[in-house]
Amino acid sequence: MPDVTTEPLVVNFGPQHPSTHGVFRMRVTLDGERITDVDMVVGYLHRSMEKLAEERTYIQNIPFTDRMDYLSAMSNNLAYCLAVEKLAGIEVPERADYIRVIMAELQRIANHAMAIGAYTNDIGTYFTPLMYMFREREKVLDLFEMTCGARLTTNYIRIGGVAFDLPPEFLPALRRLLDEMPERIQEYSDLLLENEIILARSRGTGVLPADLAINASMSGPMLRASGVAWDLRKADPYCVYDRMQFDIPVGVNGDNYDRLVVRLEELKQSVRIIEQAVEQLPGGPVKVNVPLAMRPPAGEAYARIEAPKGELGFYLVSDGGPTPYRFKIRAPSLINLSVLKELLVGGTIADAIITLGNIDIVLGEVDR
Amino acid sequence: MTRELAGPEVAEAIRQRFPDAVLEEASGWVMIEPQSLAPVAAFLRDDPELDCKYLISITGVDYIDHFEVVYHLASLTRNHMLVLKTRPADRENPEVPSVALIWRGANLQEREVYDLMGIRFSGHPDLRRILLWEGYAGHPLRKDFLNLPGGFKPGLPRFPGVGAEA
């Protein structure tokens with residue numbers, strides 16, 4: 001028998017890969033079917049948003065933010081507006097705070113629906129669960145359309161409050177969605193969590209230990225699935241989250257399965273939060289007047305929220321002028337990719353796809 | 001609620017271990033000299049009182065005559081955060097030590113600062129451009145990018161009636 005020699009094989013995944021929302025290239029070195037090295041190549045969607053923002057007024061910058069993570073635009077608007085309000089010392093009316101909580105949680109439902117659906121799609125369910133998930137996502141997007149006219153790149157949250165009050169048909173439609181959500185979430189749990197293929201492919205793949213998750217600045221479901229009960233809505237409450245009752249779902253093993261479970265559980269908690277917010281929703285104005293060309297005092301501020309993908313923060317430096325002197329985005333999608341190598345090396349090619357899908361990245365936010 | 005540690009409080013803790021490290025302090029941040037960045041960062045991470053095991057973000061800021069690198073650090077168990085800054089000595093060839101071996105999460109963020117701001121991180125395991133392609137000329141987040149004469153800045157016309165003087 002002749003000697004058999006092997007050599008490492010470098011395979012490019014992407015730039016266009018269906019398991020990523022956006023353009024992402026992964027250079028994987030393979031030994032047989034095992035991955036021995038991973039390098040990521042990003043930047044295909046880079047629009048130099050931080051530079052553009054230095055040329056525009058604080059209010060003009062709001063629409064940039066919803067084009068970063070276009071699957072959770074409301075959360076991005078909120079994080080940016082909170083940072084400007086912190087920088088300029090603006091107090092927001094109570095009703096606006098409640099509306100912001102409702103919108104942020106609706107956005108979490110829409111985002112997680114997409115994340116769970118796309119993940120199961122990567123596993124090979126093709127489009128059935130994804131289409132089911134879109135049913136709820138569409139209803140959330142209908143609610144967004146009612147309030148601000150847009151479905152994807154919503155631009156509703158403003159510095160000093162929200163753009164408009166809720167239309168009269170909003171709360172009945174929200175009520176209908178809230179009433180059917182528990183049943184739907186149960187349906188998804190039954191459908192997905194005990195499915196043999198999902199169990200076989202998700203358990204024990206993409207394992208992230210808790211100490212590495214903290215050391216690598218993970219946030220959101222990535223961090224919580226590793227067993228770290230860290231949620232900024234509890235740890236550093238903004239808006240009126242300190243008045244809400246809800247739990248932080250955590251995982252045990254930090255694998256793909258736990259991240260799936262954490263996302264499904266977070267859907268339940270979001271429904272709980274919205275129900276309380278609707279119940280407590282006070283009357284009154286929804287916005288304080290802010291000058292169009294506002295000039296916050298010189299200084300700096302960092303504000304952060306628990307976006308669906310993790311900690312989304314804005315670090316703004318003002319020199320007293322009408323535009324931000326420095327506009328820095330702490331994007332959870334980029335930072336959650338820090339452990340890509342650790343998650344993939346040692347696993348197989350097939351697992352690489354689902355682990356990448358499970359990190360739930362949006363490339364608009366990775367590249368900005 | 002996360003407690004934002006005051007600058008003087010953090011500066012005092014750092015001074016006890018590293019008497020010469022602190023350059024400047026303000027109510028919200030501490031500026032340390034770049035040479036002592038790595039030991040101070042390891043101290044902030046491992047000290048049981050400060051316990052900054054979590055690196056939130058790394059930002060580069062161009063103040064025209066100098067750069068600043070801003071580190072937002074947090075403790076998940078004590079629920080506080082602090083802001084650490086450092087100032088590369090040389091505007092023409094800025095360099096600070098890397099903290100990528102102290103916090104794994106610094107790896108990509110330092111690459112981003114290097115790519116967009118041009119600040120080198122000595123000791124970084126893999127310092128390459130991340131968002132722009134290799135060979136891109138210059139570092140776009142610098143204030144002198146494109147270097148237009150007469151103090152003009154590149155970009156679109158500003159919001160009507162404001163900012164002409166900014």
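Residue numbers begin at 1 in each chain, while the letters A, B, ... track the order of the sequences.
- Contacts of R45(B) with chain A are made by side-chain atoms alone, with heavy-atom separations under 4.5 Å and no backbone atom involved.
- Using a 4.5 Å heavy-atom cutoff, the side chains of D242(A) and M1(B) are not in contact.
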Report task. Quick one: do I130(B) and L334(A) satisfy side-chain contact (heavy atoms from CB on, under 4.5 Å)? Show the steps, please. Result -> CA-CA 11 Å; I130(B) 180 167; L334(A) 174 71; 4.3 Å; yes
Query raised in the report: Step by step, would you call K51(A) with L116(B) a side-chain contact (heavy atoms from CB on, under 4.5 Å)?
Result: CA-CA 10 Å; K51(A) 185 77 176 175; L116(B) 299 176; over 6 Å; no
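- In this structure, D367(A) contributes its side chain and L131(B) its backbone to no donor-acceptor pair below 3.5 Å.
- For a residue to count as touching a neighbouring chain, one of its non-hydrogen atoms must lie under 4.5 Å from one of that chain's; by this rule L337(A) touches chain B with backbone and side chain alike.
- Under a 4.0 Å N-O distance rule, the pair K86(A)/E4(B) qualifies as a salt bridge.
- For the atom pair CE (M218(A)) and CZ (R104(B)), the distance works out to 8.5 Å, reported to the nearest 0.5 Å.
- With chain B as partner, the option from I214(A), V339(A), I59(A) having the largest number of non-hydrogen pairs under 4.5 angstrom is I214(A).
- Contact of W29(B) with chain A is made through the side chain alone, with heavy-atom distances under 4.5 Å.
- We find that R128(B) and D39(A) are joined by a salt bridge, their nearest charged nitrogen and carboxylate oxygen being less than 4.0 Å apart.
- D90(B) CG: more than 12 foreign heavy atoms inside a 6.0 Å radius.
- Within the 4.5 Å cutoff, the side chain of N107(B) has no heavy atoms near those of the S338(A) side chain.
- Around atom NZ of K234(A), more than 12 heavy atoms belonging to other residues, nucleotides or ligands sit under 6.0 Å away.
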Query - Trace of the side-chain contact (heavy atoms from CB on, under 4.5 Å) decision for Y315(A) with V70(B) - result: CA-CA 10 Å; Y315(A) 174 65; V70(B) 185; 3.7 Å; yes
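- A salt bridge links E112(B) with R368(A); the closest basic N to acidic carboxylate O contact falls under 4.0 Å.
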**Report entry** Working for side-chain contact (heavy atoms from CB on, under 4.5 Å), residues H72(B) and R330(A)
**Finding:** CA-CA 10 Å; H72(B) 287 79; R330(A) 190 260 189 225; over 6 Å; no
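- Contacts of residues 46-65 of chain B with chain A at a heavy-atom distance below 4.5 Å involve K53(B), Y54(B), L55(B), I56(B), S57(B), I58(B), T59(B), G60(B), V61(B), D62(B), Y63(B), I64(B), listed in sequence order.
- Environment of CD in E92(B): sparse, with no more than 12 heavy atoms of neighbouring residues, nucleotides or ligands closer than 6.0 Å.
- With a threshold of 4.5 angstrom between heavy atoms, V41(A) does not approach chain B through any atom at all.
- Neither the backbone nor the side chain of Y238(A) has a heavy atom closer than 4.5 Å to any heavy atom of chain B.
- Heavy atoms of V317(A) lying under 4.5 Å from chain B belong exclusively to its side chain.
- With a threshold of 4.5 angstrom between heavy atoms, E50(A) approaches chain B through its backbone and through its side chain.
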